[in-house]
Visitor: 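Before anything else, here's the structure in question.
Predicted model, so just to flag it, every value in this text is computed and none were measured. Every number for a ligand or one of its atoms is a count from 1 in the order of the listing. Here, residue 1 is the first one in the sequence, and each next residue gets the next number.
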Amino acid sequence: MCGIIGYTGPLEAQKILLEGLAGLEYRGYDSAGIALCMEDSHIYLAKKAGKVKNLKEYCEQQVTISSHSGIGHTRWATHGGVSDMNAHPHRAGKVTLIHNGIIENYHALTEQFHVQDKLVSQTDSEVAAHILDQLYENDPLVAIRKLASLLEGSYGFCIMFEDQPGAIYAIRNVSPLVAAATHSGSLIASDLTALIPYTREYFVVPEQRIVKLTPYKVHVYNLDDTFSKNYPEIMTVNWNMDAAMKNGFPHFMLKEIHEQPEAMQNTILPRVNKGVPDFSDDGIPDEIFENCNQVQIIACGTAMHAGMVARAILQPVLRIPISVSVASEFRYEEPLIDKNTLAIIISQSGETIDTLAALRLAHQCGSTTLAVVNVKGSTIARESDYVFYTHAGPEIAVASTKAYSVQLAALYMIGCRMALVRGKYTKQDACGFLAQLLDAIPAMETIIGRKEQIKKAAAHIIQSPDAFFIGRGLDYAFSLEGALKLKEISYIHSEAYAAGELKHGTIALISDHVPVIAIATQQHVYAKTISNIREVKARGAFIILLVKENAVVDSELADIQLRIPNVGDPFTVFPIAVALQLIAYYASLAKNLNVDQPRNLAKSVTVE
Ligand code: AGP
């Protein structure tokens, strides 16, 4: 997703902007650009398709620019292809701006303001620049307010006006922005990674408020022409720059796979009280668990897969309907939720626009909302009734790993607490469940220790254009995430399939050497799963089998066996997840692909 950074202060702006954009690369992008306010207040523009290093090399070839304020942007294309011209910033008359989001009514506005003939790019952002320039007379706040009243859709804008040297204006609707006034100057960015080198104190730019950055102060204005009296809450960053760096690992993804045991401990242990889950410090009351008659889980991608696992574990215990919906679908499926529904919203970034829209719909339906979020102060966290923050630290790799594990830990703890307060679990049951959850952590360490064996297994996959993940029950729920991991970073078409369903059509795709990653850790369906594995083996599949250490397996069944420590069946997802993440990681590595920033993908999808 697009990255934004703005700076004004005593230091050289170009260096700060380029370094900030490098820190935002993990978000996923395809072009980058900066705009600098020159000493004569002229605005210098440099923008290039490709990586930030392309832009940096271009800037180094130009005459050295001395500037103390500017804006920078990494673009993830929504309107218009990847090109220098479509890269941000966009200039129109006195206005230069960068934009994250989608202006949904830009076609109508293009006609209304007759800007078609002025456009040099195919972007909605440039349309906004031209309109703002038309609205601008001599007061940026008035012009920005007028622009905001016209726009439909999501936006995070940073704006410079040629006759306002040293000032940077910003406004947001959905697309996140954070800002800080520091001793080094004032900064604004799409996320904390770009601010951390300069400050640990920041605030989240509130929706529909205009901020004006001057060298040592950030001013906040309301849209209704009044000066904002209630300054946003100043927050403190809860992780350090090292956490956002690779620390000696070749890739963020491998680092974050290794961080999972610690992330699990940091998420679970602070919420254990006398052996059972306790959310008092989170401000999550038992009433929301006692009073609901159904649970609706809403998320996207990996977060949705965590929801699928949680549903499979918790519905048999709680004996109430637990539904899992893809957020982008949920919004349009006339959901049967109401005030008696507990809506659990899962999001690592807390900014996924589909999930945010689903959260807002859940509120409109009168449901109580509980967010499971990793980024403190994110939009979904702030808009939910209650928040269970996971403590995974920053997840930089686009492919989600530690966030998935801690989302599961959170959901398991929530389910355990819910079972306890609803009388489905005795205190002893809850203690036992939580103890088994904690036992899963060393099992993850064990699998991390077997990564060389897993690397060998991955080598057998990369030759095939397709791969299948199969399992029954919980193993099928686990396989969904395994398939997503493999496809998103190795570009191998991967499908997760209920093992018992293959023979109803898809088995036609199994032929010699097609890799099938089979998961068989659930005792009550083990024999049936083994039968399904034999069916694909008989048709030439290359079998990579994930089973528990104490499982009895015919030696000729699988081409490769990956053994999983003997944790309880409901908890095998944690070591299994690590194994499937490592399979995907090594497959991507073997194909010399960009593991941390796969093509077309963004870390936080803030456009619909
Ligand atoms: C998974 O590896 C991807 N990063 C993606 O599916 C992600 O899980 C999804 O976009 C949801 O993001 P969120 O958790 O930040 O809402």
Side-chain angles (χ1 to χ4, degrees), residues 1 26-29 76 174-176 190-193 251-254 256-257 260 263 297-310 324-331 343-360 369 371-384 387-390 392-408 410-411 478 480-491 494 496 577-578 580-585 587-588 593-608:
M1 215 57 358
Y26 79 94
R27 295 168 63 89
Y29 72 104
W76 186 78
V174 179
S175 300
S190 44
D191 72 52
L192 278 175
T193 316
H251 300 98
F252 281 113
M253 184 177 176
L254 188 61
E256 289 153 11
I257 289 171
Q260 290 183 102
I297 297 174
I298 310 165
C300 300
T302 290
M304 189 271 290
H305 293 155
M308 296 283 283
V309 172
V324 182
S325 289
V326 169
S328 55
E329 290 297 306
F330 177 77
R331 302 167 61 189
I344 300 180
I345 317 296
I346 313 169
S347 176
Q348 188 285 131
S349 63
E351 300 298 349
T352 300
I353 194 164
D354 289 322
T355 308
L356 176 61
L359 163 66
R360 290 173 174 168
T369 57
V372 175
V373 169
N374 194 45
V375 177
K376 189 178 171 190
S378 54
T379 305
I380 289 172
R382 286 184 292 110
E383 293 198 12
S384 295
V387 187
F388 182 118
Y389 278 117
T390 53
E395 186 174 73
I396 306 299
V398 167
S400 199
T401 52
K402 60 180 181 176
Y404 174 70
S405 300
V406 296
Q407 284 163 359
L408 283 168
L411 294 165
F478 304 164
L480 294 167
E481 177 57 12
L484 176 63
K485 283 284 96 44
L486 184 63
K487 75 178 106 176
E488 70 175 323
I489 63 173
S490 74
Y491 313 153
S494 315
V578 175
L580 298 180
Q581 290 159 4
L582 287 169
I583 286 174
Y585 172 77
S588 179
L593 297 173
N594 187 334
V595 174
D596 287 333
Q597 294 169 28
R599 68 185 179 200
N600 307 340
L601 294 184
K603 182 59 183 170
S604 174
V605 183
T606 54
V607 293
E608 294 183 67

Visitor: Among protein heavy atoms, which sits nearest to atom 9 (C) of ligand 1, and what does the distance come to when rounded to 0.1 Å?
Guide: Cys300 O, 3.8 Å

Visitor: Backbone, side chain, both or neither: what part of Glu351 comes under 4.0 angstrom of ligand 1, heavy atoms only?
Guide: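 Looking at Glu351 and ligand 1, no heavy atom falls under 4.0 Å.
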
Visitor: Check ligand 1 against Val398 and write out every atom of the ligand that is under 4.0 Å from a heavy-atom position of the residue.
Guide: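 Ligand 1 atoms under the 4.0 Å threshold to Val398: 2 (O), 3 (C), 4 (N).
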
Visitor: So, the side chain of Asn374 versus the backbone of Ala403: is there a donor-acceptor pair under 3.5 Å, distance only?
Guide: no

Visitor: Which residues pass the ring pair (Phe, Tyr, Trp, His ring centres under 6.0 Å) test with Tyr585, not counting sequence neighbours?
Guide: His251

Visitor: Purely on distance, is any nitrogen or oxygen of Glu481 under 3.5 Å from one on ligand 1?
Guide: no

Visitor: Out of curiosity, is Lys485 lining ligand 1, as in a heavy atom under 4.0 Å away?
Guide: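 So Lys485 counts as touching ligand 1.
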
Visitor: Looking at CG of Leu411 and CD1 of Ile346, how far apart are the two atoms once the value is rounded to the nearest 0.5 Å?
Guide: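 The CG atom of Leu411 sits 4.5 Å away from the CD1 atom of Ile346.
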
Visitor: Identify which one of Leu359, Ile380, Ile298 satisfies the side chain to side chain contact (heavy atoms under 4.5 Å, CB included) criterion when paired with Ser347.
Guide: Ile380

Visitor: Can a side-chain donor-acceptor contact be found between Glu256 and Gln581 if the only test is distance below 3.5 angstrom?
Guide: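 The criterion, which ignores hydrogens and geometry beyond distance, is not satisfied for Glu256 and Gln581.
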
Visitor: Taking 4.0 angstrom as the limit and counting only heavy atoms of Ala399, give me the atoms of ligand 1 inside it, by number and element.
Guide: 2 (O)

Visitor: Identify, with sequence neighbours excluded, every residue that meets side chain to side chain donor-acceptor pair (under 3.5 Å) alongside Arg599.
Guide: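 Partners of Arg599 by the side chain to side chain donor-acceptor pair (under 3.5 Å) criterion come out as none, since no residue qualifies.
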
Visitor: What I want to check is whether the side chains of Ser405 and Gln260 have a donor and an acceptor closer together than 3.5 Å.
Guide: yes

Visitor: Is it the case that ligand 1 has an N or O less than 3.5 angstrom from some N or O of Thr352?
Guide: yes

Visitor: Looking at Arg360 and Glu383, is there a salt bridge between them, counting it only when a charged N and a carboxylate O are closer than 4.0 Å?
Guide: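 Yes, charged N to carboxylate O under 4.0 Å.
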
Visitor: Considering heavy atoms of the protein only, find what lies nearest to atom 15 (O) of ligand 1 and give residue, atom and distance to 0.1 Å.
Guide: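 Ranking protein heavy atoms by distance from atom 15 (O) of ligand 1, first comes Ser349 OG, 2.7 Å.
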
Visitor: Identify, for atom 14 (O) of ligand 1, the protein heavy atom at the shortest distance, and state residue, atom and that distance.
Guide: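 For atom 14 (O) of ligand 1, the nearest protein heavy atom is Gln348 N, 2.7 Å.
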
Visitor: Could you identify the single nearest non-hydrogen protein atom to atom 2 (O) of ligand 1 and state the distance to 0.1 Å?
Guide: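 Looking only at protein heavy atoms, the one closest to atom 2 (O) of ligand 1 is Glu488 OE2, 2.5 Å.
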
Visitor: Do you know which two heavy atoms are closest between Gln348 and Gln407, and how far apart they sit?
Guide: N-NE2, 3.6 Å

Visitor: Is Gly301 close to ligand 1, meaning an N/O of one under 3.5 Å from an N/O of the other?
Guide: no

Visitor: Suppose I only count heavy atoms of Thr302 and a 4.0 Å limit; which atoms of ligand 1 are within that range?
Guide: 1 (C), 2 (O), 6 (O), 8 (O)

Visitor: Output the list of atoms in ligand 1 that are nearer than 4.0 Å to some heavy atom of Ser400, sorted by atom number.
Guide: 1 (C), 2 (O), 4 (N)

Visitor: Any idea which protein heavy atom is nearest atom 10 (O) of ligand 1, and the distance to it?
Guide: Val605 CG2, 4.1 Å

